[in-house]
*Asks:* 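Below is a structure I'd like to ask you about.
Atoms considered below: every heavy atom in the structure, side chains included; atoms not considered: hydrogens, waters and symmetry mates. Residue numbers begin at 1 in each chain, while the letters A, B, ... track the order of the sequences.
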2 protein chains.
Amino acid sequence: MAQSAVEKRPGARKSSDERRDEIVRATLRLVAAKGFAGVTLREVATEVGVVHGLIRHYFASRDELVAAAFDFAVTSELATDQQQLDGLDPIAALAGWLAATNENHYHVWIDAWSEAPRTPALAAALARHHDDCERILTRVIERVVDAGLGASADPAADSRLLTAVADGVAVQHHVVGAIDVDEANDMVFGVAERQLGLEPGILARANPVPARGQWAEAPAR
Amino acid sequence: MAQSAVEKRPGARKSSDERRDEIVRATLRLVAAKGFAGVTLREVATEVGVVHGLIRHYFASRDELVAAAFDFAVTSELATDQQQLDGLDPIAALAGWLAATNENHYHVWIDAWSEAPRTPALAAALARHHDDCERILTRVIERVVDAGLGASADPAADSRLLTAVADGVAVQHHVVGAIDVDEANDMVFGVAERQLGLEPGILARANPVPARGQWAEAPAR
DNA sequence: TAGCTTGTTATCCACTTGGACAACAACCGG
DNA sequence: CCGGTTGTTGTCCAAGTGGATAACAAGCTA
């Protein structure tokens, strides 16, 4: 009669919020692996360990589920990131923000780019997130300038530029496999140092821990 | 009895090569609109104006069709580009290569990035294409250096860097909509000029015509 | 013109998908 | 302990998918 600590008896219930969160996280995991268009209600259900009808109980439609998953990714990313950066000196913050992130993280983003033109809700969320990221990076650049460590004629424009470089480098690293993680960081750091007039090599020496994408567990290996 | 110039009578046949090409181009058009995973044999058939069984007559499977479509995009892109660049002076060639391309072109590429991790054949084609692009741009950079107009310690590395910048900027322009086409070009040209020690503004003044993506018709508007 | 090749059509099939729904069972307030 | 709320299941459905196949018809060659 002794049942295992992890109860499996039929009918065992979880609180609404708990289950919702579980479903969203599972969805996001599958999105990273199969893309927004590739996730299936049944796959999500299997991943969570429930019947696919239950997903419908929490989300009125597949679209709503996917939107919730992306929203979760965006929100939780910015929440942790902002907090993390505030505790660092400007150079470490800049290096952390620009450092290459893990694979799952970027797979979700690249998939979002690919899906956005067909999914207005996703495009809107993406644009919002992009603005938030630009704001955060702009603030970091301003801190660097204020500390007298570098210069920027237009911090917001430099923020957009560095974001573009980081994204493009991430594609070459994660998707094409043309460069490894060290080269990726070198490229981004190099542009940032030249653009902001920083001492060459200062960003790499900051020995950065990636500040973005903490919600995505490291890839399976 | 007079039939229109464009024959529509049942059973009218096209040559094998002609039809194949027609199908591949239609597929590519749909890929730009719906992504690699989103194209359906029936949609392709409708776009071409035939029955979906006919697609199977030319391509053994959906995967084979999609692979052929991507292969066509890659091949025809490089064929026209290489030719076009050889006729230009180094600065114009560099500017043309880096200039923002049309939307359809980049949608296909972004979709390929998103699909590559799940589709080995696509990943391989993408990597090959990336190498070819790197080689072409490297050669252009070398021509710039040889002409005494700029400097590069490592033309191949600079080629990878500029490719990354162009890709990242394209995402911000086409997907996020955060910048317009002029800003996009300014950002890429600016990095290129600084990286290669060119006279500032020389690339924009080259009044470049985009050298890439000629296979994709301009977006519908 | 006869006959073969092959481009083309029209159906059929097994399967998966998102969604709907009724029955069940755990929890909670009375 | 009772009754309603709600998390959960199992099952059904229509629509759409990729693929298979047989019949048809256009064009070529003999």
Side-chain angles (χ1 to χ4, degrees), chain A residues 3-4 6-27 30-31 33-70 115 118-119 121-122, chain B residues 1 3-27 30-31 33-70 115 118-119 121-122:
Chain A
Q3 283 196 325
S4 72
V6 182
E7 308 268 344
K8 280 290 180 182
R9 71 194 137 83
R13 297 167 66 171
K14 295 204 171 182
S15 82
S16 179
D17 288 352
E18 203 177 346
R19 187 61 100 185
R20 238 188 118 88
D21 195 62
E22 195 180 9
I23 293 173
V24 167
R25 287 173 189 271
T27 304
L30 289 174
V31 167
K34 315 198 154 199
F36 282 97
V39 230
T40 251
L41 292 187
R42 279 168 172 86
E43 282 174 342
V44 173
T46 304
E47 175 89 7
V48 176
V50 295
V51 169
H52 87 276
L54 187 60
I55 309 296
R56 261 308 293 304
H57 180 68
Y58 285 92
F59 299 90
S61 71
R62 202 198 84 107
D63 286 354
E64 195 177 297
L65 170 63
V66 168
F70 188 67
E115 215 62 40
R118 307 182 265 286
T119 313
L122 218 167
Chain B
M1 283 303 143
Q3 282 197 326
S4 72
V6 182
E7 310 265 344
K8 278 290 176 181
R9 71 195 137 81
R13 297 166 66 169
K14 293 204 173 184
S15 80
S16 178
D17 287 354
E18 204 177 345
R19 186 64 98 187
R20 237 187 119 89
D21 195 61
E22 197 179 9
I23 294 174
V24 167
R25 287 173 189 270
T27 304
L30 289 174
V31 167
K34 315 197 152 200
F36 282 98
V39 219
T40 250
L41 293 188
R42 280 168 172 85
E43 283 174 340
V44 173
T46 303
E47 175 89 6
V48 176
V50 295
V51 169
H52 87 277
L54 188 59
I55 310 295
R56 258 309 290 307
H57 180 68
Y58 286 92
F59 299 90
S61 71
R62 203 198 85 105
D63 286 354
E64 196 176 297
L65 170 63
V66 168
F70 188 68
E115 216 62 40
R118 310 182 263 285
T119 313
L122 218 166

*Asks:* For the side chain of B/S16, starting at C-beta, report the closest nucleotide among C/dT17, C/dG7, D/dG19.
*Replies:*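 Comparing C/dT17, C/dG7, D/dG19 against the side chain of B/S16, the answer is C/dG7.
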*Asks:* Using a heavy-atom cut-off of 4.0 Å across all strands, would you classify A/V39 as base, sugar-phosphate, or nothing?
*Replies:*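 Sugar-phosphate only.
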*Asks:* Closer than 3.5 angstrom, by distance alone: can the side chain of B/T40 be matched with the main-chain N or O of B/E43 as a donor-acceptor pair?
*Replies:*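 No: the side chain of B/T40 does not pair with the backbone of B/E43.
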*Asks:* Taking all non-hydrogen atoms of both residues into account, name the closest pair between A/S16 and A/Y58 and its distance.
*Replies:*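 Nearest pair, atom of A/S16 first, then A/Y58: O-CE2, 3.5 Å.
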*Asks:* Where the side chain of B/L54 is defined as all heavy atoms beyond and including C-beta, which of C/dG19, C/dT8, D/dT8 is the nearest nucleotide?
*Replies:*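 Shortest atom-to-atom distance from the side chain points to C/dT8.
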*Asks:* Quick one: which of C/dA20, D/dT8, D/dT17 gets closest to the side chain of A/H52?
*Replies:*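 For the A/H52 side chain, the nearest candidate turns out to be C/dA20.
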*Asks:* Could you state the atom-to-atom distance from CZ of B/R19 to P of C/dT8 in whole Å?
*Replies:*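 The distance from CZ of B/R19 to P of C/dT8 comes to 4 Å, rounded to the nearest Å.
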*Asks:* NA contact type, B/R56, heavy-atom cut-off 4.0 Å: base, sugar-phosphate, or nothing?
*Replies:*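 If one applies the 4.0 Å heavy-atom cut-off, B/R56 turns out to touch a base.
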*Asks:* Given atom CZ of B/R62 and atom P of D/dT17, what is their separation to the nearest angstrom?
*Replies:*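 In whole Å, D/dT17 P lies 11 Å from B/R62 CZ.
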*Asks:* If the cut-off is 4.0 Å, is A/Y58 near the phosphate of D/dT6, judged by side-chain N/O to OP1 or OP2?
*Replies:*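 For A/Y58, the contact criterion (side-chain N or O under 4.0 Å from OP1 or OP2 of D/dT6) is not met.
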*Asks:* Sort and list the pairs that fulfil salt bridge (Lys or Arg N to Asp or Glu O under 4.0 Å) and have at least one residue in residues 49-62 of chain A, not counting sequence neighbours.
*Replies:*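 Listed by first then second residue: nothing to list.
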*Asks:* Using a cut-off of 4.0 Å on non-hydrogen atoms, how would the nucleic acid contact of A/L41 be classed: base, sugar-phosphate, or nothing?
*Replies:*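 Sugar-phosphate only.
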*Asks:* Please determine, for the side chain of A/T40, which listed nucleotide (C/dT17, C/dT6, C/dG19) has the closest atom?
*Replies:*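 Per side-chain heavy atoms of A/T40, the pick is C/dT17.
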*Asks:* One pair to check against side-chain contact (heavy atoms from CB on, under 4.5 Å): B/F59 and B/V24. What are the steps and the verdict?
*Replies:* CA-CA 10 Å; B/F59 299 90; B/V24 167; 3.7 Å; yes
*Asks:* Between atom NE2 in A/H57 and atom C1' in D/dT5, what is the gap in whole Å?
*Replies:*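 Roughly 10 Å, once rounded to whole Å.
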*Asks:* Roughly, in whole Å, what's the span from CD1 in B/I23 to P in C/dG7?
*Replies:*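 Value for this atom pair: 11 Å.
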*Asks:* Of the nucleotides C/dG7, C/dT9, D/dC13, which has the atom closest to the A/R42 side chain?
*Replies:*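 Minimum distance to the A/R42 side chain belongs to D/dC13.
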*Asks:* Please report the distance, rounded to the nearest Å, between CD1 in B/I55 and C1' in C/dG7.
*Replies:*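 After rounding, the gap between these two atoms is 12 Å.
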*Asks:* Side chain of B/V51 only, heavy atoms from C-beta on: which candidate in D/dG18, C/dT9, C/dT8 is closest?
*Replies:*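 It is C/dT9.
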*Asks:* Would you mind reading off the distance between B/F59 atom CZ and D/dG18 atom C1', rounded to a whole angstrom?
*Replies:*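 Answer to the nearest Å: 16 Å.
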*Asks:* Could you tell me which residues satisfy side chain to side chain donor-acceptor pair (under 3.5 Å) with A/E22, sequence neighbours excluded, listed by chain and number?
*Replies:*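 Side chain to side chain donor-acceptor pair (under 3.5 Å) list for A/E22, sorted by chain: A/K14, A/R19.
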